[in-house]
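Counting convention: from 1, in listed order, for ligands and their atoms alike. All values reported here derive from a predicted model rather than from experimental measurement.
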Amino acid sequence: MTFFRVSLIFLLLAASGCRREPAPVVGENLRVDGARALALTGQFVALGPKPAGSPAGLQAAAWIAAHCRELGGAAVQVEMDAWDGPTPLGRRSFRNVLARLPGTDSKPRILIAAHFDTKSLLASPEFAGANDSGSGVGLLLELLRVLAAAPDRTGPTLEFAFFDGEECQVDYGPSDGLHGSRRLAGHIAAEKRAAQYRAMILLDMIGDRNLGLALPADTPPALLRLLRAVAERRGTADRIGLRTTVMLDDHVPFQELGIPAIDLIDFDYGPGNSWWHTNEDTLDKLSAPSLQITGDLVLGLLSELRRGPLPAPDKDSVP
Ligand SMILES: [Zn+2]
């Protein structure tokens, strides 16, 4: 992912009057196990570097698919989407891993996603990205486990996407970076299914011990309001802030289809974000409580989204 402007202002969102007093809904009381999410993250990181479109990336995709089947059991449908595509360094083979938990409503869907490839760093070929990308993969697998085991599957189908090729090789462009998310968004567009998606939730760099989710300025206001309401109920509203800048990340191809898409990202990793894309991005910088906080926010958001569609896009600015 990249950011467009350097001057970032991180605005803490104070507790507001948006609190909802909802009736009990499906999944309201579900919680992830942060320790399990961290253990899965560690196992995935131990596989080593997974540069976009590399043989190691293909093996990582197979590992993810196997874990989706194991953790999701009979409830989950898993598929591998394989394709070749151009990159600045020549054609590469990519894989997206897609897992589905069918709901009782056949049409509406909610997509939850993370990228699994790691940045290819010439100076650090051993870079294995604990937070970027391990944390997103570990938490997404733990979310799949919890949601697959939930007794009530009322509501929309839940889709889990593990994207290849998020990281660019040279610079972001039509054939560099966001390969996996553009691939899935392209399929949804070709099949004219964008309207089926109530929302897309992206996890990226969400395991930092010192967790501060700084949402890009393009966060849909309706989704942000729901997230804030959930965070207030969970007592974690202080972990959510809003940037004045947008970020190019895997949520963008879905926003371009008109799907409300939110990027849960902590882009302040180490002093001055200095651990990002360096060998400092190691497992000891992450924590189970941070994965727990993010995972429980996602479960709360899913619970809210299962009630029904978001209100129509409003014109007001992000609250
Ligand atoms: Zn990255």
What residues form a ring pair (Phe, Tyr, Trp, His ring centres under 6.0 Å) with F160, not counting sequence neighbours? none
Pairing residues for F94 by the ring pair (Phe, Tyr, Trp, His ring centres under 6.0 Å) criterion, not counting sequence neighbours: W83, H179
To the Zn ion (ligand 1), the closest N, O or S atom belonging to E167 is OE2
Measuring from D249:CG to D204:CG, what's the distance to the nearest 0.5 Å? 4.5 Å
Output yes if [X] passes the N/O/S-under-2.8 Å test against the Zn ion (ligand 1); output no otherwise.
X: D132; value: yes
X: H115; value: no
X: D204; value: no

Check for me whether K50 meets the cation-pi criterion with F44, that is, NZ or CZ under 6.0 Å from the six-membered ring centre and within 45 degrees of the ring axis. yes
